[in-house]
Engineer: 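Have a look at this one before I ask anything.
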Amino acid sequence: MSPIEQTKIRLPADFETYGEARRAGFLRMKQLKEEGARVVGMFCSFVPTELIYAAGALPVGLCAFTDEPIPAAEANLPRNLCPLIKASYGFALTDTCPYFYFSDFVVGETTCDGKKKMFELMGEIKDTYVMQLPHSRDPAALAFWREQVLAFQRKLEDFYGITITEADIRTAIRRKNRERDVMRCYLELGKLDPAPMSGYEMGTRIDAGSFSFDLEQRCDEVEERTAQALAQWEARKDRGPSSRPRLLVTGCPNAGVREKIIKAVEELGADVVAFDTCNGIREKVELVDESNPDVYDALARKYLNINCSVMSPNDSRRTYIGKMIDEYKVDGVIEIVLQSCHTYDVEAFFIRRFVTQEKGLPYLNIETDYSQADKGQINTRLAAFLETIDK
Ligand code: BJ8
């Protein structure tokens with residue numbers, strides 16, 4: 001790609017940055033708590049949120065994406081730990097995250113070693129319930145995980161003094177499946193050429209939506225934006241495909257580094273069109289099977305299939321990336337690895353080999369944290385990467 005064409009990302013008038021949406025959500029959450037809402041704080045994609053909804057509670061994600069609370073966290077945690085873990089714990093320790101404060105209790109799962117050990121420290125600050133996530137997908141692991149799903153239901157019932165019925169769970173499954181469908185349709189806009197919106201907007205809107213707390217309203221808003229973007233695209237599609245390189249972003253959660261990587265590469269002239277990430281399509285591709293007569297088996301199967309690198313082996317991630325590369329007509333892949341994230345860092349060996357050798361595309365691996373110290377260096381690497389793309 002040459003010469004590099006620098007642009008400013010155009011954003012719709014109603015666009016809220018992640019920070020703005022997070023702050024606006026504080027007031028909504030305070031009001032909901034005053035009205036008696038039940039709130040369960042959670043880490044991360046493997047938690048069967050359907051059970052939280054079935055308990056009449058609101059799930060709120062507690063994975064943190066800013067470096068402000070990290071120095072405080074480093075008083076108790078090692079410095080060479082993933083920034084997401086340190087920031088999440090730092091918020092709890094300094095009592096500076098209203099979502100943690102308003103959570104009745106916290107639920108996490110044994111994903112990576114850093115997170116699961118951090119939960120032991122977090123448990124000294126607030127009731128932290130940990131689901132034991134197996135790291136394989138064989139029948140024994142599935143049976144064990146099904147038991148963990150049931151145990152989490154009992155935790156919710158005991159904590160709130162309620163009974164969760166199968167009908168409650170089935171209703172929650174339908175609501176969450178609708179949300180997955182709506183988000184998937186929105187993310188699949190990236191298959192269109194030219195890209196109907198920036199990857200920066202696409203990812204931000206998904207993450208920011210988690211602070212609206214009304215599941216149906218969130219779905220309606222995303223559906224509306226999808227329809228609007230589609231109509232705008234239809235009106236200008238005769239201009240033909242774009243000459244801008246189309247990129248797939250994979251790896252660790254990227255909300256904490258979105259400005260310095262995703263926004264930066266789009267301002268350098270590329271379009272991020274596909275996300276194999278937790279705020280992308282990873283959790284949305286597979287629905288909970290509504291026809292399964294065993295509701296716990298249905299939940300256990302769905303969540304065990306999430307292709308996070310904490311699973312071993314995790315070949316399905318490569319299969320899915322390959323499919324996305326074809327369907328989204330991707331020209332290059334950027335993998336984001338948060339500092340000290342061993343599972344993504346090691347799995348990057350397979351992703352790089354798959355992308356470069358089997359798909360014949362350029363691949364860039366960026367290891368980073370939430371600081372701004374490497375912003376200039378990342379920008380230089382992104383610009384050099386775009387030069388290697390033949391488009
Ligand atoms: S389902 S990707 S959100 S674990 S915390 S593994 S970055 S060292 S966040 Fe993740 Fe759940 Fe998987 Fe998604 Fe690495 Fe950091 Fe661990 Fe992390």
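Numbering of ligands and ligand atoms starts at 1, following listing order. Values below: every heavy atom of this structure, side chains too, minus hydrogens, waters and symmetry copies.
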Engineer: Among Lys260, Glu266, Glu259, exactly one meets side chain to side chain contact (heavy atoms under 4.5 Å, CB included) together with Ile262. Which residue is that?
Structural biologist: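 Considering Lys260, Glu266, Glu259, a side chain to side chain contact (heavy atoms under 4.5 Å, CB included) with Ile262 is found only for Glu266.
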Engineer: Which protein N, O or S atoms does atom 13 (Fe) of ligand 1 have within a distance shorter than 2.8 Å?
Structural biologist: Cys278 SG
Engineer: Quick one: ring pair (Phe, Tyr, Trp, His ring centres under 6.0 Å) partners of Tyr296, sequence neighbours excluded?
Structural biologist: none
Engineer: Relative to the heavy atoms of Ile85, which atoms of ligand 1 are at a distance of less than 4.0 Å?
Structural biologist: 5 (S)
Engineer: Hey, which of Asp331, Asp326, Asp271, Asp193 is the one that makes salt bridge (charged side-chain N to carboxylate O under 4.0 Å, His left out) with Arg246?
Structural biologist: Asp193
Engineer: Does ligand 1 have a heavy atom under 4.0 Å from the side chain of Cys82, from its backbone, from both, or from neither?
Structural biologist: side chain
Engineer: Honestly, is Arg282 close enough over Phe275, meaning NZ or CZ under 6.0 Å from the six-membered ring centre and within 45° of the axis?
Structural biologist: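 Cation-pi check for Arg282 and Phe275: fails.
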Engineer: Is it true that Glu223 and Arg178 make a salt bridge, defined as a side-chain N closer than 4.0 Å to a carboxylate O?
Structural biologist: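 Counted as a salt bridge, because a side-chain N and a carboxylate O are separated by less than 4.0 Å.
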Engineer: Strictly distance-based, threshold 3.5 Å: is any side-chain N or O of Tyr99 a donor or acceptor partner for the main-chain N or O of Arg22?
Structural biologist: yes
Engineer: Is the backbone N or O of Val39 less than 3.5 Å from a side-chain atom of Asp104, with the two atoms forming a donor-acceptor pair by type?
Structural biologist: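 Judged by distance alone, yes, a pair lies under 3.5 Å.
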Engineer: Counting heavy atoms only, which part of Tyr344 comes closer than 4.0 Å to ligand 1: side chain, backbone, both or neither?
Structural biologist: side chain
Engineer: Which residue holds the protein heavy atom closest to atom 14 (Fe) of ligand 1, what is that atom called, and what is the gap in Å?
Structural biologist: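 For this ligand atom, the closest protein heavy atom is Cys341 SG, 2.3 Å.
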Engineer: Same hydrophobic cluster for Ile334 and Leu386, using side-chain heavy-atom links shorter than 4.5 Å among ILVMFWY?
Structural biologist: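 Ile334 and Leu386: one cluster.
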Engineer: Under 4.0 Å from a heavy atom of Cys112: which atoms of ligand 1 are those, numbered in the order shown and with their elements?
Structural biologist: 5 (S), 6 (S), 8 (S), 16 (Fe)
